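In listed order, ligands and their atoms are each counted from 1. The first residue of the sequence shown is numbered 1, and numbering continues consecutively from there. What you are looking at is a predicted structure, and each value in this text was computed from that prediction instead of being measured. Computed over heavy atoms, backbone and side chain alike; hydrogens, waters and symmetry mates excluded.
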Amino acid sequence: MREVVTVTPCEDGPLLLRGPFELLTQSGERIDAGRATVALCRCGLSSVKPYCDGSHKTAGFRATSEPEPPA
Ligand code: FES
């Protein structure tokens with residue numbers, strides 16, 4: 001069975017990464033996620049970036065899970 005990394009945009013929330021991913025800084029240094037599934041902030045308000053800390057909920061962040069059509 002082939003293992004793949006999946007990225008799931010959660011409605012009004014983070015990006016969920018699942019699978020054998022490797023998280024790197026912009027300069028290529030490895031970030032130890034410590035688990036096989038992580039939630040990455042996409043609202044910009046988390047105090048523990050790149051991870052989600054739940055701040056999107058109180059901020060009322062809105063985003064679909066589906067791709068949005070180009071403007
Ligand atoms: S998406 Fe959850 S804090 Fe940004």
*Do Pro20 and Val5 come close enough that some side-chain heavy atom pair is under 4.5 Å?*
yes

Please round to the nearest 0.5 Å and tell me the distance separating atom [atom1] of [X] and atom [atom2] of [Y].
X: Leu24; Y: Arg30; atom1: CG; atom2: CZ; answer: 8.0 Å
X: Lys49; Y: Cys43; atom1: NZ; atom2: SG; answer: 7.5 Å
X: Phe61; Y: Ser46; atom1: CZ; atom2: OG; answer: 12.0 Å

*What protein N/O/S atoms are found closer than 2.8 Å to atom 4 (Fe) of ligand 1?*
Cys41 SG, Cys43 SG

*Flag yes if more than 12 heavy atoms outside Lys57 fall under 6.0 Å of its NZ atom; otherwise flag no.*
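Open: at most 12 neighbouring heavy atoms sit under 6.0 Å from NZ of Lys57.
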
*Say whether, by atom type as modelled, one donor and one acceptor occur between the side chain of Ser65 and the main chain of Pro9 under 3.5 angstrom.*
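Looks like yes, one N/O pair under 3.5 Å.
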
